[in-house]
K.L.:
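Before anything else, here's the structure in question.
This structure is a prediction, so every number in the text was calculated from the model and none was measured.
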Amino acid sequence: CDTKGLAAKWADEGPKKLWTRELGDGYATIIADGGILYTMYRTGDDEFTVALDEKTGKTEWEHKNPSPFTKLMAEFGAGPHTTPLLVGDRLYTIGTNAVMHCYDKKTGKVLWMHDLPKEFNGDIPGRGYGSSPIAYKNTVIVAVDRKREDEGGGDKAEENKEAKPVEGQSLMAFDLATGNLAWKAHDYPMSYASPILIRFEGEEQLVLLMEKEIIGVNPDNGALLWHHAMKPEGANLATPVWIGPDMLFCSSAYDSGSRVLKLAKKEGKTVPEELWYSRKMR
């Protein structure tokens with residue numbers, strides 16, 4: 001539609017600019033706490049986690065982590081793509097190459113870290129890791145998955161499956177304080193979307209859009225509560241939206257489009273029903 005009268009800049013009596021400063025590339029959201037701003041950015045092959053004074057923009061502390069990117073990552077933007085997580089005095093981040101850090105939020109000291117691909121054979125999606133961490137009770141829950149290049153297809157895939165049983169780790173929970181593994185579960189290929197916590201019929205559930213389905217799990221132990229196939233398939237990038245008391249909205253790229261799921265309780269179990277699907281918004 002035609003639009004007229006939009007201002008190109010603030011009027012003279014509008015908000016006063018307090019400060020401005022350069023950072024770098026990336027898509028991480030800025031979070032604020034106690035007069036400090038926390039975010040992530042990239043310069044070349046290095047990623048930075050930074051704490052800024054909210055009044056001046058000056059760096060309080062900064063941590064550099066090597067994070068080279070591929071041609072595919074560069075095509076879609078090399079990240080970082082995730083939002084830092086703040087819990088108490090600790091800050092948690094995950095970079096483009098799925099390296100996870102826990103910092104002292106005041107000093108920037110690394111309290112613990114996990115290189116998810118190296119330690120757990122975790123997956124780095126082609127466009128770069130994009131799922132933000134989420135806190136639940138005394139744990140931080142993250143999507144990890146596993147590398148799948150060696151599986152092949154057809155009979156070969158079945159042989160590999162029989163020869164090497166897979167212990168699921170689509171989701172992994174780490175102790176907030178120590179980084180020790182609390183639980184891991186499932187073997188669904190991961191996507192780029194971030195998990196959310198919902199409360200349905202008095203029960204807390206962790207909901208996450210995976211590569212081919214949306215799942216709901218018990219955040220205490222990862223036990224599967226329900227799942228729903230996303231057909232047709234697309235690129236699942238966006239975080240689902242909880243429309244209480246019983247509906248979830250999901251929007252994905254390409255043919256996967258948008259849909260709303262309605263949750264119901266049947267015989268004590270959560271059952272999802274797809275109310276509608278549309279390719280018009282995707």
Side-chain angles (χ1 to χ4, degrees), residues 7-10 14-69 73-74 76-114 116 124-125 127-136 139-143 174 176 191-197 206-209 236-242 251:
K9 62 179 181 179
W10 289 109
K16 178 183 178 182
K17 182 191 289 185
L18 299 181
W19 55 265
T20 183
R21 63 161 291 175
E22 292 285 331
L23 279 179
D25 296 328
Y27 305 89
T29 305
I30 296 171
I31 59 174
D33 178 72
I36 303 296
L37 309 176
Y38 301 93
T39 192
M40 299 177 72
Y41 70 91
R42 167 182 295 279
T43 299
D45 278 339
D46 294 317
E47 282 180 335
F48 295 82
T49 300
V50 63
L52 309 173
D53 184 287
E54 69 173 10
K55 294 181 179 179
T56 65
K58 292 182 178 179
T59 300
E60 293 290 315
W61 60 261
E62 188 171 69
H63 181 268
K64 181 173 75 172
N65 187 63
S67 184
F69 55 91
M73 290 176 184
F76 290 95
H81 304 276
T82 64
T83 296
L85 169 69
L86 193 61
V87 185
D89 290 331
R90 296 181 177 90
L91 183 77
Y92 303 85
T93 65
I94 307 180
T96 299
N97 286 290
V99 177
M100 181 179 186
H101 286 87
C102 170
Y103 302 95
D104 181 301
K105 74 173 185 181
K106 295 179 180 177
T107 65
K109 178 183 178 182
V110 176
L111 302 178
W112 55 264
M113 67 169 287
H114 286 303
L116 300 176
I124 304 174
R127 304 180 189 188
Y129 189 94
S131 183
S132 299
I134 193 167
Y136 182 74
T139 64
V140 54
I141 303 172
V142 298
F174 298 99
L176 284 169
S191 68
Y192 303 89
S194 298
I196 61 171
L197 284 165
L206 183 79
V207 174
L208 183 58
L209 201 54
N236 296 331
L237 310 164
T239 300
V241 178
W242 173 238
S251 185

K.L.:
So does Ser132 get a backbone contact from the side chain of Thr82, meaning a donor-acceptor N/O pair under 3.5 Å?
P.N.:
no

K.L.:
Just by modelled atom types, is the Ile141 backbone N or O under 3.5 Å from a matching donor or acceptor in the Thr139 side chain?
P.N.:
no

K.L.:
So, the side chain of Thr96 versus the backbone of Ala78: is there a donor-acceptor pair under 3.5 Å, distance only?
P.N.:
yes

K.L.:
Mind checking whether Thr59 and Asp53 have side chains closer than 4.5 Å, heavy atoms only?
P.N.:
no

K.L.:
What is the minimum heavy-atom distance between Val87 and Ala135, and which atoms define it?
P.N.:
CG2-CB, 3.7 Å

K.L.:
If you look only at pairs with a residue in residues 91-100, which of them pass as a salt bridge (charged side-chain N to carboxylate O under 4.0 Å, His left out), with sequence neighbours excluded?
P.N.:
none

K.L.:
Minimum heavy-atom separation for Asp104 to Trp61, with atom names?
P.N.:
O-CZ2, 4.1 Å

K.L.:
Indicate the atoms forming the closest heavy-atom contact of Ser131 with Ala193, along with that distance.
P.N.:
OG-O, 2.9 Å

K.L.:
Could you report the tightest heavy-atom contact between Tyr129 and Gly95, atom names first, then the distance?
P.N.:
CB-O, 3.4 Å

K.L.:
Show the numbers, then the answer: is there a side-chain contact (heavy atoms from CB on, under 4.5 Å) between Thr39 and Thr29?
P.N.:
CA-CA 6 Å; Thr39 192; Thr29 305; over 6 Å; no

K.L.:
Just to verify, what does Tyr38 make a ring pair (Phe, Tyr, Trp, His ring centres under 6.0 Å) with, not counting sequence neighbours?
P.N.:
none

K.L.:
Taking atom NE2 of His63 and atom OG1 of Thr93, what is their separation to the nearest 0.5 Å?
P.N.:
8.5 Å

K.L.:
Rounded to the nearest 0.5 Å, how far does CD of Glu54 lie from CG of Leu18?
P.N.:
10.0 Å

K.L.:
Walk me through whether Ile124 and Met73 qualify under side-chain contact (heavy atoms from CB on, under 4.5 Å).
P.N.:
CA-CA 10 Å; Ile124 304 174; Met73 290 176 184; 3.7 Å; yes

K.L.:
Side-chain contact test, heavy atoms from C-beta onward, threshold under 4.5 Å: evaluate it for Pro240 versus Ile196 and give yes or no.
P.N.:
yes

K.L.:
In Å, rounded to the nearest 0.5 Å, how long is the span from CG of Asp89 to OG1 of Thr107?
P.N.:
10.0 Å

K.L.:
So, the side chain of Trp112 versus the backbone of Leu176: is there a donor-acceptor pair under 3.5 Å, distance only?
P.N.:
yes

K.L.:
Looking only at non-hydrogen atoms, find the nearest pair between Leu208 and Ser194 and report the distance.
P.N.:
CD1-C, 3.5 Å

K.L.:
Could I get the full list of salt bridge (Lys or Arg N to Asp or Glu O under 4.0 Å) partners for Arg42, not counting sequence neighbours?
P.N.:
Glu47

K.L.:
Calculate, to the nearest 0.5 Å, the distance between atoms CE and OG1 belonging to Met40 and Thr83 respectively.
P.N.:
10.0 Å

K.L.:
Taking only residues two or more places apart in sequence, or in another chain, which ones meet Phe48 in a ring pair (Phe, Tyr, Trp, His ring centres under 6.0 Å)?
P.N.:
Tyr41

K.L.:
Using the salt bridge (charged side-chain N to carboxylate O under 4.0 Å, His left out) rule, collect all pairs that involve residues 21-41, keeping only residues at least two apart or in two chains.
P.N.:
Asp33-Lys105

K.L.:
Measure the spacing between CD1 of Ile94 and CG of Leu116 and express it to the nearest 0.5 Å.
P.N.:
6.0 Å

K.L.:
So, does Asn97 use its side chain to make a donor-acceptor pair with the main chain of Val99 at under 3.5 Å?
P.N.:
no

K.L.:
Which is it for Val142 and Phe174 under the side-chain contact (heavy atoms from CB on, under 4.5 Å) test, yes or no, and what are the steps along the way?
P.N.:
CA-CA 8 Å; Val142 298; Phe174 298 99; 3.8 Å; yes

K.L.:
Are His81 and Tyr192, when compared by the centres of their aromatic rings, separated by less than 6.0 Å?
P.N.:
no

K.L.:
Applying side-chain hydrogen bond (donor to acceptor under 3.5 Å, both in side chains), name anything that partners Thr49, two or more places apart in sequence or on another chain.
P.N.:
Tyr103

K.L.:
Kindly compute the distance separating CD1 (Ile36) from NZ (Lys55), expressed to the nearest 0.5 Å.
P.N.:
10.0 Å

K.L.:
What pair of heavy atoms forms the shortest contact from Pro133 to Leu85, and how long is it?
P.N.:
CG-CB, 3.9 Å

K.L.:
Do Thr239 and Leu209 have side chains that approach each other closer than 4.5 Å (heavy atoms only, starting at C-beta)?
P.N.:
no

K.L.:
Could you walk me through whether His101 and Asn65 pass side-chain contact (heavy atoms from CB on, under 4.5 Å), step by step?
P.N.:
CA-CA 10 Å; His101 286 87; Asn65 187 63; 3.6 Å; yes

K.L.:
Okay, side chain of Thr56, backbone of Lys58: is any donor-acceptor separation there less than 3.5 Å?
P.N.:
yes

